[in-house]
There are 2 protein chains.
Amino acid sequence: MARTTDGSGIPVPQRLLAAATRLFAERGYDRTSVQEIVEAAGVTKGALYHYFGSKDDLLHEVYARVLRLQQERLDAFADADAPVERRLRDAAADVVVTTIDNLDDASIFFRSMHHLSPEKDKQVRAERRRYHERFRALVEEGQREGVFSTATPADLVVDYHFGSVHHLSTWYRPDGPLTPQQVADHLADLLLRALRP
Amino acid sequence: MARTTDGSGIPVPQRLLAAATRLFAERGYDRTSVQEIVEAAGVTKGALYHYFGSKDDLLHEVYARVLRLQQERLDAFADADAPVERRLRDAAADVVVTTIDNLDDASIFFRSMHHLSPEKDKQVRAERRRYHERFRALVEEGQREGVFSTATPADLVVDYHFGSVHHLSTWYRPDGPLTPQQVADHLADLLLRALRP
DNA sequence: AGCTCCATACCGACCGGTTAGTCTGCCGAG
DNA sequence: CTCGGCAGACTAACCGGTCGGTATGGAGCT
């Protein structure tokens with residue numbers, strides 16, 4: 001067992017990351033002190049600065065984890081063997097579901113980007129761009145095939161949809177009337193309906 | 001002349017508000033010190049605390065200004081004498097244009113809500129809710145008349161559209177290829193296309 | 001016209017409190 | 001004996017907000 005765990009069996013770095021995620025989402029990055037993070041994780045500052053270089057590093061880790069997950073899932077849906085309208089719909093719905101499943105991550109993502117150091121900000125933006133472009137490629141593919149309207153530039157269509165995803169952390173409440181899957185279906189529907197030729 | 005102005009002729013309170021708006025949008029509320037604000041406005045702390053009760057007050061003023069403007073414009077469009085699809089379209093496009101025209105306000109609005117004191121937060125949420133409901137009423141009206149699809153709950157439609165408005169401050173750049181009006185037309189188009197029965 | 005008086009507008013040194021990050025050293029495992 | 005893993009006291013830098021003081025212009029009286 002050793003010193004990397006307490007009674008819970010979860011290693012210290014992960015406990016710190018989990019505590020930071022929750023607190024960043026709750027109070028925001030600046031309003032969360034490292035003291036609060038280490039207390040929530042049941043350790044002290046020594047432990048935090050043993051594993052992470054700075055408070056900023058912690059935030060970056062949250063971003064890296066989210067981006068990795070979303071990119072993997074998007075790639076899987078985009079590479080599937082199905083008509084493009086089906087692949088886009090599945091991808092659009094999936095990002096809604098996974099975003100709702102990780103609403104804390106989403107709040108942090110969209111509210112705290114500007115707290116990253118310039119280099120980390122650059123790195124995150126680059127990865128987001130890759131994600132955006134993969135998604136856009138799906139729209140463009142459908143437009144070339146004639147199954148999607150070309151009235152709106154693909155870039156704008158992607159931003160339109162991700163605006164709504166972004167917005168989820170503002171209004172979605174787990175105790176509301178709609179399940180994550182229902183919301184996802186509706187939002188994917190709206191996207192596909194807007195794209196009808 | 002007197003002491004309420006410097007060479008620019010703009011009164012001190014407005015200079016403070018303008019400086020705060022720019023800085024809050026640039027670096028975020030917490031990363032902006034009152035010292036920086038007063039320096040940008042060309043005064044000292046004494047002046048700031050003479051006109052405003054707290055730093056928080058300054059933020060609240062920004063919100064109040066934005067909310068008032070948007071609500072007035074929405075009411076004007078919603079009350080117009082025209083078919084509902086036209087009124088919704090105009091309102092949807094207008095909020096995009098005015099948001100782009102005040103991108104700083106928009107960044108602050110969506111990124112710094114949680115920095116407001118509980119009471120002010122409550123007040124802002126209440127006004128936003130009124131705005132949301134006015135917009136939703138337009139969608140519902142069209143749905144009742146049969147000119148809009150009822151496949152998606154009106155609430156979700158409104159959140160879908162405002163997600164994209166919210167998102168503008170993330171990606172829109174004045175030096176990009178699209179004018180504010182062009183973006184507005186496209187986004188309003190997407191909304192109306194998604195609502196076709 | 002001149003003088004007094006006071007409200008308004010603003011200055012800037014100062015205070016209590018908080019923060020991210022550092023550093024020394026202990027402890028248990030191998 | 002050594003070394004990763006961590007504890008926790010410490011520091012230097014700020015930060016929001018306060019407060020006594022100063023300058024200015026106009027109202028009221030004579």
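Not measured: the values here are computed from a predicted model. Throughout, a chain's letter reflects where its sequence line sits, starting with A, and its residues are numbered from 1.
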Query raised in the report: Should the pair H166(B) and F110(B) be assigned to parallel (<30°), tilted (30 to 60°) or perpendicular (>60°) ring geometry?
Result: parallel
[X] has an atom [atom1]; how far is it from atom [atom2] of [N], in whole Å?
X: E39(B); N: dC11(C); atom1: CD; atom2: P; answer: 12 Å
X: R31(B); N: dT19(C); atom1: CZ; atom2: P; answer: 14 Å
X: Y51(B); N: dG16(D); atom1: OH; atom2: C1'; answer: 20 Å
X: Q35(A); N: dC10(D); atom1: CD; atom2: C1'; answer: 13 Å
X: K55(A); N: dT18(C); atom1: NZ; atom2: C1'; answer: 12 Å
X: L58(B); N: dG17(D); atom1: CG; atom2: C1'; answer: 14 Å
X: D57(A); N: dG21(C); atom1: CG; atom2: P; answer: 9 Å
X: F52(B); N: dG16(D); atom1: CZ; atom2: C1'; answer: 16 Å

Query - Y29(A) six-ring centre to K55(A) NZ/CZ under 6.0 Å and within 45° of normal - result: yes
Query raised in the report: Which sits closer to the 5' end of DNA chain C, G46(A) or V34(A), going by the nucleotide each is nearest to?
Result: V34(A)
Query - Nucleotide nearest T44(A) (side chain, heavy atoms from C-beta), chosen from dG8(D), dC10(C), dG17(D) - result: dG8(D)
Report task. Between dC10(C), dG16(D), dA7(D), spot the one nearest the side chain of Y49(B), thanks. Result -> dG16(D)
Query raised in the report: Heavy atoms under 4.0 Å, any strand shown: does S33(B) hit a base, just sugar-phosphate, or nothing?
Result: sugar-phosphate
Query raised in the report: Is any side-chain N of the basic residue among D79(A) and R87(A) closer than 4.0 Å to the acidic one's carboxylate O?
Result: no
Report task. Please state whether the phosphate of dG12(C), meaning OP1 or OP2, lies under 4.0 angstrom from any side-chain nitrogen or oxygen of K45(B). Result -> no
Query raised in the report: Does H50(A) have a side-chain nitrogen or oxygen under 4.0 Å from the phosphate oxygens OP1 or OP2 of dG5(D)?
Result: yes
Query raised in the report: Can any side-chain N or O of Q143(B) pair as donor or acceptor with the backbone N or O of P153(B) at less than 3.5 Å?
Result: no
Query raised in the report: Does a side-chain heavy-atom distance below 4.5 Å link D185(A) with R89(A)?
Result: yes
